[in-house]
Peer 1: 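Can you read through this structure? Questions will come right after.
Below, read A as the first sequence line, B as the second, and so on, with proteins coming before strands; counting in each chain starts at 1.
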Amino acid sequence: MPQEYNPSEIEVSVQANWQKTEIFKAVEDSAKEKFYCLEMFPYPSGKLHMGHVRNYTIGDVISRYQRMLGKNVMHPIGWDSFGLPAENAAIQNNTAPAAWTDDNIAEMRGQLKRLGFSYDWSRELTTCKPDYYKWEQWFFTKLYERGLVYKKESEVNWDPVDQTVLANEQVIDGRGWRSGALVEKKKIPQWFIKITDYAEELLSGLDDLDGWPDSVKTMQRNWIGKSVGAEVEFEVEGGDNLRVFTTRPDTLMGVTYLAVASDHPLAVQASEASGEIAAFRKECAQSSTAEADMETMEKRGISLGITAKHPMTGDQIPVWCANFVLMTYGTGAVMAVPAHDQRDYEFASKYAIDIKAVIYPADGELDISQAAFTDLGVLKNSAEFDGQTSDQAKVSITAWLEKNNLGEQQINYRLRDWGVSRQRYWGCPIPFIYDADGNPTPATEFPVELPTDVVMDGVGSPIKKMSSFIDTVHPITGEAAQRETDTFDTFFESSWYYARYCCPGLDTDMLDQRANYWLPVDQYVGGIEHAVMHLLYARFFHKLMRDVGLIESDEPFTRLLTQGMVTAETYFRIADDGKRSFYNPKDVEVALDDKGKPAGATLISDGQAVESGGIEKMSKSKNNGVDPQSMIDKYGADTVRLFTMFAAPPEQSLEWNDDAIAGGSRFLRRVWSLFDKHSEALAAVKLKPMIELDGINPAAKALRLITHTIIQRVLFDFERQQFNTVVAAAMELTNAVEKANFAQMGDHGDAVLSEVCHALVKILAPITPHLCEYLWSLYGTEQSLEDSGWISVDESALVKDEITYVVQVNGKLRAKLEVAASATKPEVEALAMADENVVRFLEGLTVRKVIVVPQRLINIVAN
RNA sequence: GCCCGGGUGGCGAAAUUGGUAGACGCAACGGACUUAAAAUCCGUCGGGGGCAACCCCUUGCCGGUUCAAGUCCGGCCCCGGGCACCA
């Protein structure tokens, strides 16, 4: 073997061999246990960024590990290629989104191949191509037939200057990003899918997802937001009765006002007679639709000047309009109990509305002089319900409402139906056709193809003016008709791509039986930012596909790994106009003080100071991205892969560090020279198993103990997917081999060498597969590394003659003892008591208790 | 504002899940090799005290449980992710 490790040479030739042998092509085989490993597919934004590299390396390590365990692994890749950035880039570069997208895919595909990921490229899919999206169009019409799709008015961010709908991302401080105009909420008709019909199953299904992180399951539970309470009816004179949902019917007697959303029918009605109310409603409309904005704005309201009849007391109570009541949750109206709800308390205090206490703590005094009492308690001032606990009263008051026909028990979900309409061009056309009266009917021919030869003007979707697209024939009447010009939310494509990977090339159906072989996905890997929306939509879609009869399983993803983001230091200067301009870390030199702490940074090009802006997620806006390509060119794919695995555990954020990756390269060179040094011995001894253990040389025995202790840790770490410590273990093993003197190990030297090097290649194989392929070839076996099986622990190698005991006095470390493994508990205790330092610390004290943790620790408690 | 995470040396981190805090690596410093540099190799490396054996302090902050807390419980502070049209 050559003395120098030349990664690019090895990597290119190993990759060519993988391609030639089609080793990663996945074929259905009922005789083998399948393993479907999937990473969230990329949006083709231009070039790979470090987040991609991390995501796909994690997935590749898992895929290769599972393959070595002997499973039939399917590992596909594709492109989530509809979306907003393509439209923006098209405008900027004076091109069409399709061409820009295709170029990016070609570029990024090349980068993924260069990194040596074990993809089955024959399954590659691209969501913006008609052969993919025609099936979601077809599927949407199936859902329509089943009554799961409907159209209703819904709010969007409206830019009144550009006359266009804006994404939340395009609203900055309440203004349109291009026009700078104050954004308004506007209602337009949009398509919805009834995800709320599946709320209960989406919630209960989480209980069985043992392979998902608890944090993600909790987030989804909270997002679905099931609450049990009551709907209560308040009679409004001369108007429709007002129904409200409450989780606290026990506080009913404490209601002192009602509040409705600004677009509630009662508020709309009241605004017709009052300019003040109309103005308030207009103000409420002047904000983005984002919930974070709604929740953080000042809580304000206005009295509607009308009253409603309290169902129990018959009192007339005022009805207000408030900016914090959401039309989309519950009934768009709430009953307010200022004494027992903090938000109502603040609102009532601000507008001098009555506060009436009805719940008292079971013991102690009620104090609502500063804040509401929101705990459960005992009822007072509640007529016949006085003395009941909150829990009792929730039941009895609900029963009373039901008996008097004034309300009933109700389960409410925070989850809202999924609005899938987008007024954008670069998306999948929604397959509906409107007759002359505007009545929709589903398309019957698929695909409804998106015209790709378009010019983007920066305002609005080009197909909304394109008669060649819009004008069509009604599928039933044959009369002139018009196509829907809205497109699907891009979450639509990403909700079912994992199933389509199972059926490449299928042109007669959305899915076939192959989907049932591969699904569910055994391991899904992706960013934590997708914890709720994408993962919830995909779970929902899976159940829809099941109910349409396309697949048999209930959940799409058995095990989920949510990776952390990739971050880097940011550097900037503030210009005279107050704007920050950011400089890439590679263009900045950091000075260190004598402790090695950063002390000031300068721009290399002009030698002038730049300010440090702290660690942030790699992004274009902060200009702190590191181009993976430059790292691959410099160090090779294996080093980049090794570093991304070593720098942090997968679920934590990973801070990029140029120096640290050089350390990864250094390690691989050390592994290389280690094999170089022993290549002749390895070729001669091949895979000689360790059999003769009796009378084994102590040096050989010691190295075997290290080897198998490390194997044991590595097996554990691969299973729990903590790959940074796998790399650390490989480094420790390398250190041990470097120090070992095999010549002194007598007859066992070669066999121990073969065993330890074999372990090292196997441990690193999923992480640095190119290098390991090469090293594996030194063993001269016929089998490919991928098919050569996995490693196991030889328990007999783990047997120790001596054990180190830690001796504590009152919990503080005072001594360490080397004790024969056969020593009994009293013997160990006696040895501990006799230790010089222990004796010193026990002087003048009485021993009260001695705690012995076998094989590990002794704690002497004395005073 | 609400929901979910995270905080350990100069830095990235580890701690077999309540039992030796800092494995492994980066940076830094000292040395070897070299005409020199790179590369490589050897050594030191949380803070403080001590000639030394050793001792004291230290896992964001405050309090608690325990023989024993980075790990469990309660309260705070700071940072990040998500909040339904970025993907």
Peer 1: Contact class for A:M294 (heavy atom, under 4.0 Å): base, sugar-phosphate, or nothing?
Peer 2: nothing
Peer 1: Side-chain N or O of A:Q652 versus OP1/OP2 of B:A13: is the shortest distance under 4.0 Å?
Peer 2: yes
Peer 1: Pick the C1' atom in B:C41 and in B:U34, then give their distance to the nearest Å.
Peer 2: 13 Å
Peer 1: Which nucleotide in the list B:C86, B:C67, B:A84 gets nearest to the side chain of A:I851?
Peer 2: B:C67
Peer 1: From the list B:G1, B:C4, B:U40, which nucleotide is the closest neighbour of the side chain of A:E295?
Peer 2: B:G1
Peer 1: Strictly below 4.0 Å: does A:N168 bring a side-chain N or O up to OP1 or OP2 of B:A84?
Peer 2: yes
Peer 1: Any base atoms under 4.0 Å from A:S421, or only sugar-phosphate, or nothing? Heavy atoms, all strands.
Peer 2: base
Peer 1: Give me the distance, rounded to whole Å, that separates B:G10 from B:G6 when you measure between the P atoms they each carry.
Peer 2: 23 Å
Peer 1: Using Watson-Crick or G-U wobble geometry with both distances under 3.5 Å, which nucleotide pairs with B:U17?
Peer 2: none
Peer 1: If you measure from the P atom in B:A21 to the same atom in B:G46, how many Å do you get, rounded?
Peer 2: 14 Å
Peer 1: Heavy atoms under 4.0 Å, any strand shown: does A:T296 hit a base, just sugar-phosphate, or nothing?
Peer 2: base
Peer 1: If you pin A:E651 and A:A662 to their nearest nucleotides in RNA chain B, which one's is more 5'?
Peer 2: A:E651
Peer 1: Which label fits B:U40, syn or anti, where anti is any glycosidic angle not within 90° of 0?
Peer 2: anti
Peer 1: Between B:C3 and A:N222, counting only base atoms on the nucleotide and side-chain atoms on the residue, is there a donor-acceptor pair under 3.5 Å?
Peer 2: no
Peer 1: For A:R814 and B:C55, is the shortest distance between a side-chain N/O and OP1 or OP2 below 4.0 Å?
Peer 2: yes
Peer 1: Begin from the C-alpha positions of A:W418 and A:Y537 and carry the test ring-ring contact (aromatic ring centres under 6.0 Å, His included) through to its verdict.
Peer 2: CA-CA 9 Å; A:W418 180 10; A:Y537 289 140; 4.0 Å; yes
Peer 1: What's the closest nucleotide to the side chain of A:S215 if the choices are B:G5, B:C83, B:A84?
Peer 2: B:G5
Peer 1: What does A:F646 touch in the nucleic acid at a heavy-atom separation under 4.0 angstrom: a base, only the sugar-phosphate, or nothing?
Peer 2: base
Peer 1: Is any side-chain N of the basic residue among A:K464 and A:D486 closer than 4.0 Å to the acidic one's carboxylate O?
Peer 2: yes
Peer 1: Paired with B:G1 by Watson-Crick or G-U wobble geometry, both distances under 3.5 Å: which nucleotide is it?
Peer 2: B:C83
Peer 1: Consider the side chain of A:Q808, meaning its heavy atoms from C-beta on, and name the nucleotide among B:C83, B:C24, B:U20 that approaches it most closely.
Peer 2: B:U20
Peer 1: What is the base-pairing partner of B:C24, counting Watson-Crick and G-U wobble geometry with both distances under 3.5 Å?
Peer 2: B:G12
Peer 1: From the set B:C55, B:C24, B:C4, return the single nucleotide nearest to any side-chain atom of A:R840.
Peer 2: B:C55
Peer 1: Determine the contact category for A:A729: base if any of its heavy atoms lies under 4.0 Å from a base atom, sugar-phosphate if only primed atoms, P, OP1 or OP2 are that close, otherwise nothing.
Peer 2: nothing
Peer 1: Looking across every strand, which nucleic acid part, if any, lies under 4.0 Å from A:V156 by heavy atom: base, sugar-phosphate, or nothing?
Peer 2: base
Peer 1: Using whole Å, report how far CG of A:N810 lies from C1' of B:G19.
Peer 2: 15 Å
Peer 1: Does any non-hydrogen side-chain atom of A:R539 lie less than 4.5 Å from one of A:L206?
Peer 2: yes
Peer 1: Classify A:R221 by what it touches in the nucleic acid, base, sugar-phosphate, or nothing, heavy-atom distance under 4.0 Å.
Peer 2: nothing
Peer 1: Check whether any side-chain N or O of A:R670 sits under 4.0 Å from OP1 or OP2 of B:U40, and answer yes or no.
Peer 2: no
Peer 1: For B:G25, does OP1 or OP2 lie under 4.0 Å from any side-chain N or O of A:N735?
Peer 2: yes
Peer 1: Expressed in angstrom and rounded to an integer, what is the separation of A:D717 atom CG from B:U16 atom C1'?
Peer 2: 9 Å
Peer 1: Would you mind telling me which of B:C86, B:A14, B:A39 lies closest to the side-chain atoms of A:P85?
Peer 2: B:C86
Peer 1: On RNA chain B, does the nearest nucleotide to A:D214 precede the nearest nucleotide to A:T490 from the 5' side, or the other way round? Give the residue.
Peer 2: A:D214
Peer 1: Does NZ or CZ of A:K152 come closer than 6.0 Å to the centre of the six-membered ring of A:F192, within 45° of the ring's axis?
Peer 2: yes
Peer 1: Would one find a side-chain N or O of A:Q190 under 4.0 angstrom from OP1 or OP2 of B:A84?
Peer 2: no
Peer 1: In terms of ring plane angle, is the pair A:F540 and A:Y198 parallel, tilted or perpendicular, where the classes change at 30° and 60°?
Peer 2: perpendicular
Peer 1: Suppose you measure atom P in B:U16 against the same atom in B:G64; what distance do you get, rounded to whole Å?
Peer 2: 26 Å
Peer 1: When you compare B:G43 with B:G49, how far apart are their P atoms, in angstrom units rounded to a whole number?
Peer 2: 27 Å
Peer 1: Say we look at B:A87 and B:C78: how far apart would their C1' atoms be, to the nearest angstrom?
Peer 2: 29 Å
Peer 1: Among the candidates B:A87, B:C67, B:A84, find the nucleotide nearest to the side-chain atoms of A:N859.
Peer 2: B:C67
Peer 1: Counting side-chain heavy atoms from C-beta on, which of B:U17, B:U40, B:C83 comes nearest to A:R669?
Peer 2: B:U40
Peer 1: Between P on B:A14 and CG on A:L654, what's the gap in Å once rounded to a whole number?
Peer 2: 11 Å
Peer 1: Would you mind classifying the nucleic acid contact of A:V532 as base, sugar-phosphate or nothing, using non-hydrogen atoms under 4.0 angstrom?
Peer 2: nothing
Peer 1: For A:A531, which contact category applies under a 4.0 Å heavy-atom criterion: base, sugar-phosphate, or nothing?
Peer 2: nothing
Peer 1: When rounded to the nearest Å, what value does the distance between C1' atoms of B:G81 and B:G22 take?
Peer 2: 28 Å
Peer 1: What's the NZ-P distance between A:K812 and B:C55, to the nearest Å?
Peer 2: 10 Å
Peer 1: When syn is taken as a glycosidic angle within 90 degrees of 0, is B:G9 syn or anti?
Peer 2: syn
Peer 1: Quick one: is A:R666 getting a side-chain N or O under 4.0 Å of the B:U40 phosphate, OP1 or OP2?
Peer 2: yes
Peer 1: Please verify the inter-ring angle class for A:Y524 with A:H534; under 30° counts as parallel, over 60° as perpendicular, anything in between as tilted.
Peer 2: tilted
Peer 1: Under 3.5 Å for both donor-acceptor distances, Watson-Crick or wobble: does B:C41 have a partner, and if so which one?
Peer 2: B:G31
Peer 1: Distance check: side-chain N/O of A:K816 vs OP1/OP2 of B:G19, anything under 4.0 Å?
Peer 2: no
Peer 1: Which label fits A:H52 and A:Y56: parallel for a plane angle under 30°, tilted from 30 to 60°, or perpendicular past 60°?
Peer 2: parallel
Peer 1: Which is true for A:Q170 with a 4.0 Å heavy-atom rule: it touches a base, it touches only sugar-phosphate, or it touches nothing?
Peer 2: nothing
Peer 1: Between B:A23, B:C67, B:A21, which nucleotide gets closest to the side-chain atoms of A:L813?
Peer 2: B:A21
Peer 1: Pick base, sugar-phosphate or nothing for A:P42, based on heavy-atom distances below 4.0 Å to the nucleic acid.
Peer 2: nothing
Peer 1: With a cut-off of under 6.0 Å to the ring centre and 45° to the axis, is A:R814 in cation-pi contact with A:F841?
Peer 2: yes
Peer 1: Please measure how far the C1' atom in B:A53 lies from the corresponding atom in B:G74, and state the result in whole Å.
Peer 2: 43 Å
Peer 1: If the threshold is 4.0 Å, N to carboxylate O, is there a salt bridge linking A:E39 and A:R54?
Peer 2: no
Peer 1: Are side-chain heavy atoms of A:W158 and A:K185 found at a separation under 4.5 Å?
Peer 2: no
Peer 1: Among the nucleotides B:C86, B:C4, B:C26, which one has an atom lying closest to any side-chain atom of A:L84?
Peer 2: B:C86
Peer 1: Regarding A:V861, tell me which of base, sugar-phosphate or nothing describes its non-hydrogen contacts under 4.0 Å with the strands shown.
Peer 2: sugar-phosphate
